[in-house]
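Structure, as structure tokens:
Small disclaimer: the values here were computed from a predicted structure and weren't measured.
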Amino acid sequence: MFDSNDLSSVDFGAMSDEGLIEALRAAHGRAAMAQAAEVFAVRELYRRHRAESAEPGPGGVRAGEFAASAAAVALQVDEGTAGALIDIGLALEDSLPQTRAAFAAGRIDLAKVRVIVDNTRAVAREVLDILEPRLLDAAGRNNSMRLRQAARRWAARLDPGGTQRRRELRQDERDVRLRAVQDGMAVFDGLLPAPGAQTVAMRLREMGLQVCASDPRSMPQRRADALVALADGSGRLRCHCGRGARCPKFGVPIEKPRRPLIQIGIPADTLLGIQEAPAFLAGYGPIDAALARILAEHARFQVIPERSAAADDPPAAEEAVQWRPSPRLEREVRAMDGMCRFPGCVMPAAESELDHNHPDGRRPDRSGRTIRTNLAVLCTRHHRLKTLADNERLPWRTWRADLDRLQWTAPTGDIHTTVREGARYLFPRTDTDAPAPYTGHHRSEPNEAPATIPGRLADRPTAEDIAYPLDGYIVVHGQLRRIRPEDEIPDDKPQPARAPSD
């Protein structure tokens with residue numbers, strides 16, 4: 001008998017094939033029950049936040065606003081994932097009692113629960129009463145992709161009006177997003193109305209056929225390059241056949257591409273080719289030195305000096321009594337922080353705000369000085385969280401341990417520390433947690449074929465995530481739709497924290 005409570009005593013090698021299948025099913029059921037426990041727990045956390053933290057009006061805490069932040073930090077996941085778990089929990093509690101019971105018992109997992117939730121939005125109550133048990137029955141026989149096909153077909157047949165309402169709802173959620181993967185690549189995906197998506201697909205194919213037949217790129221590669229060509233303003237592909245004037249497409253006018261509006265942090269010795277330390281591409285993360293140097297060929301440069309933590313230089317001391325940092329100081333803080341300093345947030349510094357770590361940035365006599373050691377980058381969402389905490393509206397606390405470390409104390413008492421990510425690229429020696437560099441020599445032969453890297457296909461876009469199958473999940477509840485940092489709209493005039501009482 002398989003007991004998943006003590007894996008150390010389980011001898012999988014001694015099991016028959018039937019025993020292993022039984023073990024797989026039992027383990028998957030236990031995992032589904034654990035997923036259900038997470039969903040129910042985070043939903044209850046959200047319910048309590050809504051009941052306890054509603055303060056209408058400017059400067060108040062919106063009901064349930066930061067429940068996802070607390071859950072995300074506790075689970076070490078992004079806030080979008082935490083918000084999706086809350087939203088699914090609300091749907092199960094409000095509309096899908098049978099699905100909730102099956103989930104709690106481990107009969108269906110989170111991927112299938114998501115399919116059922118997705119396909120019962122805006123369905124009339126009487127239709128839902130018919131559709132839910134059918135979907136649960138199908139869930140026991142199909143994987144999530146097949147279940148989704150069946151659910152869409154049945155929903156359209158049973159409730160054509162609801163199908164239209166769901167489409168209209170999805171159209172309001174249209175969006176495109178960027179996700180970093182390995183080796184200087186990124187996944188660019190989005191949610192578009194089907195006609196618009198097809199229009200884009202046909203345009204990319206048309207552009208892919210503008211090059212001559214000797215162009216060595218595959219059609220997928222051409223489509224990818226065409227998408228960039230659309231964005232950079234050229235509007236068409238350059239042929240890569242290498243035949244110069246003999247190319248049939250030679251001489252066709254092509255607009256000069258616009259220079260990319262990107263920011264890269266790179267050590268001076270790497271820029272000069274002396275070292276090969278990685279560079280930091282804002283909004284993405286590490287890129288190799290060679291790529292950074294190529295991108296830097298047509299760039300404008302801003303020098304960020306390395307300064308000691310002992311004291312600020314004289315110009316900075318003169319600026320300390322000003323509320324707004326000087327352009328020089330702001331540029332340095334953004335470059336050194338690199339991204340939002342809230343735990344787990346990766347919003348680029350260029351799209352974030354500067355925060356005075358001390359609650360009262362307008363009062364130098366209260367240690368609210370505008371200096372490097374009292375400034376940090378926070379995205380709009382987490383700047384609001386900290387401001388509310390400084391005003392004692394939220395039970396979060398922050399403390400600047402030193403120039404590099406910013407500590408966050410969650411409502412549970414857990415302490416999370418963030419560091420200046422940008423500094424670890426600009427000045428590699430500050431990356432004290434990095435492993436020692438390899439000092440041996442790699443042996444290679446002339447014309448050696450590059451080795452294949454097993455498992456790298458995992459970086460390709462996938463339909464589901466094994467732990468949290470929520471990629472592309474559309475949140476319906478209004479408050480939960482505002483939790484992605486990149487979706488926040490900055491205030492025109494961010495309000496500082498109030499001065500502490502004497």
Side-chain angles (χ1 to χ4, degrees), residues 24-47 50 64 67-68 71 75 77 80-163 165-167 169-170 173 463-481:
L24 282 171
R25 288 173 175 162
H28 193 77
R30 296 289 183 90
M33 293 173 68
Q35 291 174 329
E38 286 191 64
V39 170
F40 302 157
V42 75
R43 187 265 180 198
E44 176 62 16
L45 181 67
Y46 178 74
R47 187 193 66 79
R50 283 190 62 87
L75 296 176
V77 299
T81 295
L85 293 175
I86 294 171
D87 197 64
I88 288 174
L90 293 171
L92 294 176
E93 191 72 19
D94 297 339
S95 306
L96 298 165
Q98 296 179 59
T99 304
R100 186 186 190 281
F103 193 23
R107 295 196 298 272
I108 57 174
D109 59 18
L110 181 57
K112 294 178 181 179
V113 168
R114 177 190 168 179
V115 171
I116 295 173
V117 170
D118 281 344
N119 287 278
T120 54
R121 301 287 195 189
V123 170
R125 181 72 255 179
E126 58 274 16
V127 174
L128 183 58
D129 291 339
I130 300 172
L131 187 58
E132 184 184 16
R134 292 291 304 272
L135 292 176
L136 285 173
D137 182 61
R141 306 188 307 270
N142 297 280
N143 62 27
S144 59
M145 290 184 288
R146 288 291 185 95
L147 178 63
R148 188 178 297 276
Q149 294 292 326
R152 289 172 176 168
R153 183 174 67 253
W154 293 343
R157 183 174 298 170
L158 291 172
D159 187 22
T163 300
R165 291 193 296 273
R166 287 190 295 276
R167 175 181 58 78
L169 176 64
R170 283 297 180 99
E173 301 294 342
E464 303 289 0
D465 180 86
I466 193 168
Y468 297 101
L470 302 169
D471 187 32
Y473 181 83
I474 303 300
V475 172
V476 172
H477 289 264
Q479 183 58 61
L480 297 174
R481 292 161 63 182

Measure across R43 and L90 and return the closest heavy-atom pair with its distance rounded to 0.1 Å.
NE-CD2, 3.6 Å

What are the two closest heavy atoms between A68 and G83, and how far apart are they?
CB-N, 4.2 Å

Let me see the working for V39 and R100 under side chain to side chain contact (heavy atoms under 4.5 Å, CB included), right down to the final yes or no.
CA-CA 10 Å; V39 170; R100 186 186 190 281; over 6 Å; no

Inter-residue atom distance D118.CG - L147.CG, 0.5 Å rounding
10.5 Å

Residue pair L45 / A67: nearest heavy atoms and the distance that separates them
CD2-O, 3.9 Å

Between K112 and F103, is there a side-chain heavy-atom distance shorter than 4.5 Å?
no

Find the distance between OG1 (T120) and CG (L96) and round it off to the nearest 0.5 Å.
4.5 Å

Do W154 and N119 come within less than 4.5 Å of each other through their side chains, counting heavy atoms only?
no

Atom pair NE2 (H28) and CD1 (I108), whose distance is rounded to the nearest 0.5 Å
10.0 Å

Show the nearest heavy-atom pair for residues V42 and A82, with the distance to one decimal.
CG2-O, 4.4 Å

Min side-chain heavy-atom separation L128-S95 under 4.5 Å
yes

Spacing of CZ belonging to R107 relative to CE belonging to M33, to within rounding of 0.5 Å:
10.5 Å

Could you give the distance from CZ (R114) to CG (D109), rounded to the nearest 0.5 Å?
12.5 Å

Side chain proximity check, V117 to T99, heavy atoms < 4.5 angstrom
no

Okay, side chain of E132, backbone of Q98: is any donor-acceptor separation there less than 3.5 Å?
yes

Mind checking whether T81 and L75 have side chains closer than 4.5 Å, heavy atoms only?
no

Taking atom CD1 of I116 and atom CZ of R148, what is their separation to the nearest 0.5 Å?
10.5 Å

Derivation and outcome, side chain to side chain contact (heavy atoms under 4.5 Å, CB included), residues I88 and L110
CA-CA 9 Å; I88 288 174; L110 181 57; 4.1 Å; yes

Please confirm whether the backbone N or O of D137 pairs with a side-chain atom of R141, one donor and one acceptor, at under 3.5 Å?
yes

